[in-house]
Amino acid sequence: MKTSQRYWLVKSEPSVFSIRDLARSPQQRTAWDGVRNYQARNYMRQMALGDLVLFYHSNADPPCVAGIAEVVRTAYPDDTQFDKSSHHYDPASSKSNPRWDMVDIRYRREFPAVLPLDRLRGVTGLERMELLRKGSRLSVQPVTPSEWNCILKLAGIKDEK
DNA sequence: GCCAACGTTGGC
DNA sequence: GCCAACGTTGGC
């Protein structure tokens, strides 16, 4: 039994990279690059193989949880930090001491219907969810097992462990 | 497009 | 180490 199973939520703007883009990616996987926030990076460093991830659409209409992905590679240096042509280039980082990491995730499923942010507010069991905290901007965040179960129930999904 | 909330930077 | 200025996030 996997007692170490953990749950997370990552944000992406669907106009940039949506859950369908993930589903259409080679092997349905992608490197989750471009995270430039220390707290978010530190959470990524805690991710383990097989951890499950809620895929959230920010700056969307409506903003919503759109589906589920899975961690398929643990943290390793984000190569965009060394790429001068990248928006995510970080001149203060060096290859000998990289500052930013990324993980790889793989598509698991799209929710039958997205769960709008509005729908989550006020739900019993989600009162303390990071996503719902006023002013929360964290793009990678932990989700508790009870929050996970609650979200999946709202999404009408029974079997995702 | 607005702007509140938040994180980072850099002068002192 | 403080904090003002600035940049970014992301809901609305």
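Chain A is the first sequence line, chain B the second, and so forth, proteins listed ahead of strands; every chain is numbered from 1. As the structure is a computational prediction, the values presented were derived from the model and not from experiment. Computed over heavy atoms, backbone and side chain alike; hydrogens, waters and symmetry mates excluded.
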In B/S/- notation (B base, S sugar-phosphate only, - none; protein heavy atoms under 4.0 Å), nucleotides 7-12 of chain B written 5' to 3' is SS----
Would you please name every residue forming a side chain to side chain contact (heavy atoms under 4.5 Å, CB included) with Arg99(A), sequence neighbours left out?
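Counting only residues at least two positions away or on another chain, Arg99(A) forms a side chain to side chain contact (heavy atoms under 4.5 Å, CB included) with Tyr38(A), Arg41(A), Gln81(A), Asp90(A), Ala92(A), Ser93(A).
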Side chain to side chain donor-acceptor pair (under 3.5 Å) between Arg36(A) and Thr80(A), worked out
CA-CA 11 Å; Arg36(A) 294 293 181 270; Thr80(A) 64; 2.9 Å; yes
Are Leu54(A) and Met44(A) in one and the same hydrophobic cluster, where Ile, Leu, Val, Met, Phe, Trp and Tyr link if side-chain heavy atoms are under 4.5 Å apart?
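No, no single cluster joins them.
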Looking at Ser18(A) and Arg20(A), would you say the former's side chain and the latter's main chain have a donor-acceptor pair under 3.5 Å?
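It does hold such a pair.
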Counting just side-chain N and O atoms, does Lys134(A) come under 4.0 Å of either OP1 or OP2 of dA5(B)?
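Answer yes for this pair, as a side-chain N or O of Lys134(A) is under 4.0 Å from OP1 or OP2.
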Of Asn59(A) and Arg133(A), the one whose closest DNA chain B nucleotide lies more 5':
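The residue whose closest nucleotide sits nearer the 5' end is Asn59(A).
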From CA spacing to verdict: ring pair (Phe, Tyr, Trp, His ring centres under 6.0 Å), Tyr76(A), Trp100(A):
CA-CA 8 Å; Tyr76(A) 61 107; Trp100(A) 305 110; over 10 Å; no
